[in-house]
Amino acid sequence: MRRLFSTRVLFLTLLVFLVPAASRAQVSVGVSVRVGPPPLPVYEQPPCPVEGYMWTPGYWAYGDEGYYWVPGVWVAPPRVGVLWTPGYWGWNEGVYVFHAGYWGPHIGFYGGVNYGFGYSGVGFVGGEWRGGRFAYNTAVVNVNRTVIHNTYINKTVIVNNRTVNRTSFNGGPGGIGARPTRGEMSASRERHMQPTAMQVSHQHSAGSNRANFASENHGRPATAAMGRVDAREGKQQARIANGARSGQLTPRETGRLENREANINREVRNDRAANGGKLTPQERAQVNHQQNNASRQIYNDKHNARTDRAVQQHNAPKSEHAQNEHPHR
């Protein structure tokens, strides 16, 4: 397996120098697999929580245990005037290579993948910059107009397809056959900005949640989209993942804790959807109380007598020490 991975990295490194400069900016070296990602799940878009936030669609990333879903989420752009070009998986010489997303003045090529909510495969029709403010096209994105007023409606951009293509990769067997347009090639030569720290944290958090892996959810993640990146949710999930890796949590404890976090997150999404993307002070206090209880349960489960001995024996040098564990963080 290590030899295969090294061969892939060598191949991709050579590929970077062989492909044209216009395409080179989109190649993410070191992430390639021989099996394509699952189809895109069908989900509802949560309402935009704050004016100025922009939608970044969900996608399949790859980790040690295979493909995992990174939920779609509303995020703050790094600066005024930039748009998000989603990442995508592309077939090349026998492997699927991930082309990372980026911020830029125009939308580039994202494999022709129909991510929905304005990302139909070419360009983006979910909104546009008007001066220093972002205006939302409520014909294709979910925005509560009683809270966010910088909106417009353009239904001409809606494509009514009877059969929605959920394919999540470009090229290869069964893949999308799209190729970059002249405008997308021009956009690829512009100056780009990398994903924000919040986006990176969001992907890391998704990779720490076993429920996001296709091997667990069979292509139907329980949390397919989020209103915003929740820092505490990510920390709680990371603590659960660390406990599972170290063996401090048994599989049953891990599953119970992950279900508890999923229920809290589902309640938050429902409350936000009912209140235009926000939580009332009472709802926020209730969520904080529930997360405090969940935090204590994580701590107690990681420090009781029950352990996953097989994992502990395999990962003994990487075990999380009890003295570094604190509840409520």
Item to complete: Could you check E267 against Q290 for side-chain hydrogen bond (donor to acceptor under 3.5 Å, both in side chains), going step by step and ending with a plain yes or no?
Response: CA-CA 11 Å; E267 181 180 331; Q290 291 175 317; 3.2 Å; yes
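Using modelled atom types, one side-chain atom of H202 and one backbone atom of P71 make a donor-acceptor pair closer than 3.5 Å. A distance-only check finds a donor-acceptor pair linking the side chain of S168 to the backbone of P38 [under 3.5 Å].
With sequence neighbours excluded, the residues satisfying side chain to side chain contact (heavy atoms under 4.5 Å, CB included) with N217 are W60, A214, P221. For T167, the side chain to side chain contact (heavy atoms under 4.5 Å, CB included) criterion is met by N165, F169, I176, not counting sequence neighbours. Annotation: side chain to side chain donor-acceptor pair (under 3.5 Å) contacts of Y59 (sequence neighbours excluded): Q203. Partners of Q194 by side chain to side chain donor-acceptor pair (under 3.5 Å), not counting sequence neighbours: none found. When the side chain to side chain donor-acceptor pair (under 3.5 Å) test is applied to N259, no partner is found at least two apart in sequence or on another chain. Residues meeting the side chain to side chain contact (heavy atoms under 4.5 Å, CB included) test with R252, sequence neighbours left out: T250, R256. Listed by chain and number, the residues in a side chain to side chain donor-acceptor pair (under 3.5 Å) with N154 are T156 (sequence neighbours excluded). Listed by chain and residue number, W91, Y96 satisfy the side chain to side chain contact (heavy atoms under 4.5 Å, CB included) test with P173 (two or more places apart in sequence, or in another chain). Every residue was checked against the salt bridge (Lys or Arg N to Asp or Glu O under 4.0 Å) condition with R145, not counting sequence neighbours, and none meets it.
H106 NE2 to L83 CG: the interatomic distance, rounded to the nearest 0.5 Å, is 8.0 Å.
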Contacts table for residues 122-131: side-chain donor-acceptor under 3.5 angstrom, sequence neighbours left out:
from, atom 1, to, atom 2, distance (Å)
E128, OE2, R130, NE, 3.0
E128, OE2, R130, NH2, 3.1
W129, NE1, V82, O, 2.9

Less than 3.5 Å apart, which donor and acceptor atoms pair up between the side chains of residues 44-55 and the rest of the protein, not counting sequence neighbours?
from, atom 1, to, atom 2, distance (Å)
Q45, OE1, N142, N, 2.7
E51, OE2, R133, NE, 3.1
E51, OE2, R133, NH2, 2.5

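Taking the six-membered ring where the residue is Trp, the centroids of Y115 and Y88 are separated by 6.0 Å or more. Between Y136 and F134, the ring centre distance stays below 6.0 Å.
Side-chain contact, N293 with R296: a donor N or O sits under 3.5 Å from an acceptor N or O. A side-chain donor from one of Q199 and W103 sits under 3.5 Å from a side-chain acceptor of the other.
Cluster annotation: F98 and V200 are assigned to distinct hydrophobic clusters (Ile/Leu/Val/Met/Phe/Trp/Tyr, side-chain heavy-atom contacts under 4.5 Å, transitive). One hydrophobic cluster, built from ILVMFWY side chains closer than 4.5 Å, cannot hold both I153 and V140; they sit in different ones. Residues Y119 and Y152 do not share a hydrophobic cluster, defined by chaining ILVMFWY side chains whose heavy atoms lie under 4.5 Å apart.
At least one side-chain heavy atom of V33 sits less than 4.5 Å from a side-chain heavy atom of W89. Side-chain contact between D301 and Q248 is absent, with no heavy atoms from C-beta onward closer than 4.5 Å. Annotation: side chain of M198 is not in contact with side chain of V73 (no heavy-atom distance under 4.5 Å). For the pair Y62/P37, no side-chain contact is recorded, criterion being any heavy-atom separation below 4.5 Å from C-beta on. Contact of the F109 side chain with the N170 side chain is registered, since non-hydrogen atoms from C-beta on lie closer than 4.5 Å.
Nearest approach of M185 to P180, heavy atoms of both residues: SD-CB, 3.6 Å.
Residue pairs meeting the salt bridge (charged side-chain N to carboxylate O under 4.0 Å, His left out) criterion with at least one partner in residues 63-91, sequence neighbours excluded, do not occur; the list is empty.
Applying the side chain to side chain contact (heavy atoms under 4.5 Å, CB included) test between W84 and each of P77, P78, P195 identifies P195 as the sole match.
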